[in-house]
Amino acid sequence: MTTKPDLAVKIAGLHLKNPVMTASGTFGFGKEYAPFVDLNQLGAIVVKGTTLNPRLGNAGRRLVETPAGMLNSIGLENPGVEHFIAHELPNLKKFAVPVIVNISGHSIDEYRELAAILDIDGVAAVEVNISCPNVREGGLVFGTDCASAGSVVRAVRRATGRTVIAKLSPNVTDIVSIAKAVADAGADALSLINTLLGMAIDIRTRRPKLGNIVGGLSGPAVKPVALRLVWQVAKAVPLPIIGMGGIMTGEDAVEFLLAGATAVAVGTANFVNPRATLEVAEGIGQYLCENNLSSVQEIIGALN
Amino acid sequence: MWQGRTRLLAQNTLPCDVRQMVLEAPELVNLAKAGQFVHVRCGDDYDPLLRRPISINRLDPVQGRLTLLYKIMGHGTEQLSRYGAGDYVDIMGPLGTGFALQGEKPLLIGGGLGIAPLLALADALAPRTVTMVMGARNAAGLICHDDFADVCGGLHVATNDGSAGYGGHAPVLAEELFARHGHDMIYACGPVPMLRYIQQMSARLAIPCQLSLEEFMACGVGACLGCTCQPAGEGAPYKKVCTDGPVFWSGEVILHDH
């Protein structure tokens, strides 16, 4: 095949020049990786999880390397939405790339307020992180309960004209029911998956290695789990899926696309190879060429 | 910032499981300053997954070479030690904020492998008269002794067991030197208890002091927020060791053991 394959995909209202996005929390606000990556070549940039007020994040050790993976317990450290709009968004607007803001709240009101504040020029979508903290009433994690997951997404949906993406947790018994709940609540797309809860122990001191005791596992170690979840949800829910979890190469990304993801996000791989996003996009293109396919659309959900 | 595969010119075995790598990386060397670090991939597979941050031990801008020192601590550094001359190693850098070069009579204090970034610093501080205090558990652990002897106006040695030089801890020896020499700047790198002692000493003597810290890192570029360090001052955001540091002013940070 002589012509370059068409890598463009559409996620609800978002037009991506290729299916490769950055996973929230692994790419800062873009500028951190600008020395290594031409940001204009990314499908989309998903920025660090943003909250209404600045958050300091967790104390103590935040990172532990594990076999083919890592645990993190950053604790949503971020400068807050106002700082983001004043100091990070202007720089991001210079690039011809959709900017997606990952949002987290302590309450449904906070999610609603964040979505409303971010319903502005330069923000293409919000990615609703319901795979993180506690509800104000205490105890329940939003993303592990269909009713609360739906309530958050419904509130965000009402507050914004932007594309609404729900980022789901793998730490649930039945992800399909959560996916259906957020779809019914008005989500335009799904991000699958957030990190898997895990822990590591120092047997010398007999203490947990992470300051927060538990943290989120990411990296190649989680890829089979992520792939399975994407496949399960893709079969059951008619929303576009952004697949993520341990994608290191173009081949990894192709697996997610075959499983039914419309786009993919590269996370932990950025830490290993700062050019991972671009190399994953190139790898997808190469796979298409090798298989005489003219468009990435031909492999989305094309599992035999 | 630069990232790519660089040619390993030599990998030398030093005492106490320490290895010295000499790499050919002219683009990186041109950009690098004393106190900065490089982020090194230990192998090609996924275990270990993350890069290892290693401080720049020495820069040779004329030949475009840099020297790294590391100790074999685990799986990653063990893999790194298997590279041989002629192999290519994936590194990125220079990363982080290096040392501020100031003072007329700087005193450098290095404990154990904490001496590593201080050699590049001693080079950079020339032609000032640099005094170095190096500490180790015993005489065998005095890494780069002769290199420091070449570039420092004064070199003092402390060993915990007294097998070479002063018998005791390096900062205690350093404190004795202050009374005699009137140093006007302190730079230190080494174990956290040593750095904490030096923090207090610099405050007591009212002499500016910079510390080079070590932390577990993932990205190395300020994106993942994994390598934080507690700032002095209530409610201030955490400092990132990778970009705000690894070199900090002594009063900026509160040091914790791991």
Side-chain angles (χ1 to χ4, degrees), chain A residues 22 24-37 47-49 54-80 83 202 205 207 209-211 215 218-221 223 246 248-249 267-275, chain B residues 1-5 27-28 31 39-53 73-77 79 90-96 214-231 233-244 254 256-258:
Chain A
T22 63
S24 177
T26 66
F27 208 70
F29 294 105
K31 63 179 191 284
E32 292 84 352
Y33 279 96
F36 305 101
V37 173
V47 299
K48 173 72 189 161
R55 276 181 64 101
L56 295 177
N58 292 332
R61 186 172 170 188
R62 292 175 169 190
L63 281 181
V64 175
E65 191 176 39
T66 57
M70 58 175 275
L71 289 163
N72 86 79
S73 64
I74 309 302
L76 282 175
E77 174 178 341
N78 80 96
H83 183 277
D202 182 334
T205 60
R207 295 163 72 99
K209 287 187 179 176
L210 287 171
S218 64
K223 198 190 85 179
M248 302 289 287
T249 64
T268 301
N270 293 307
F271 307 154
V272 180
N273 171 10
R275 298 188 73 259
Chain B
M1 264 179 259
W2 187 87
Q3 183 257 328
R5 292 166 77 82
E27 299 96 325
L28 192 154
L31 301 167
H39 218 16
V40 184
R41 188 125 188 237
C42 300
D44 295 323
D45 60 18
Y46 295 160
D47 193 20
L49 183 66
L50 301 174
R51 289 169 182 266
R52 297 293 184 267
M73 299 288 288
H75 190 33
T77 42
Q79 267 199 26
D90 180 349
I91 65 174
M92 59 191 277
L95 301 174
E214 191 170 46
E215 189 49 82
F216 296 101
M217 281 183 197
C219 72
V221 296
C224 74
L225 312 179
C227 63
T228 43
C229 168
Q230 194 186 338
E234 198 81 8
Y238 285 98
K239 302 271 187 192
K240 296 183 273 288
V241 174
C242 67
T243 50
D244 297 324
I254 295 168
H256 293 283
D257 295 310
H258 279 302

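Every chain is numbered from 1, with letters handed out A, B, ... down the list of sequences. Computed from heavy atoms alone, side chains included, the values below leave out hydrogens, waters and symmetry copies.
A donor-acceptor contact shorter than 3.5 Å links the side chain of A:Ser24 to the backbone of A:Val47.
Between A:Glu65 and B:Arg52 a salt bridge is recorded (basic side-chain N to carboxylate O distance below 4.0 Å).
Using a 4.5 Å cut-off between heavy atoms, A:Asn58 touches chain B through its backbone atoms (N, CA, C, O) alone. Neither the backbone nor the side chain of A:Thr205 comes within contact range of chain B; no heavy atoms are under 4.5 Å apart. In this structure, chain B has a heavy atom under 4.5 Å from the backbone of A:Phe27, while its side chain stays farther away.
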Which pairs would a plain distance check flag for residues 69-76 of chain A, meaning a side-chain donor or acceptor within less than 3.5 Å of a matching protein atom at least two apart in sequence or in another chain?
{"from": "A:Asn72", "atom 1": "OD1", "to": "A:Ile74", "atom 2": "N", "distance (Å)": "3.3"}

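The CZ atom of A:Arg61 sits 3.5 Å away from the CZ atom of B:Phe216 when rounded to the nearest 0.5 Å.
The greatest number of non-hydrogen atom pairs below 4.5 Å with chain B, out of A:Ala221, A:Pro35, A:Ala68, is found for A:Ala68. With chain B as the partner, the residue from A:Pro274, A:Ala269, A:Pro67 showing the most heavy-atom pairs under 4.5 Å is A:Pro274. Note: A:Ala59 leads A:Gly219, A:Ala59, A:Gly30 in heavy-atom pairs under 4.5 Å with chain B. By number of non-hydrogen pairs under 4.5 angstrom with chain A, the leading residue of B:Gly76, B:Ala218, B:Pro48 is B:Ala218.
Between B:Asp90 and B:Gln3, the closest heavy-atom pair is OD1-NE2, 3.1 Å.
By the side chain to side chain contact (heavy atoms under 4.5 Å, CB included) test, A:Pro79 is found to be paired with A:Phe29, A:His83, residues two or more places apart in sequence or in another chain being considered.
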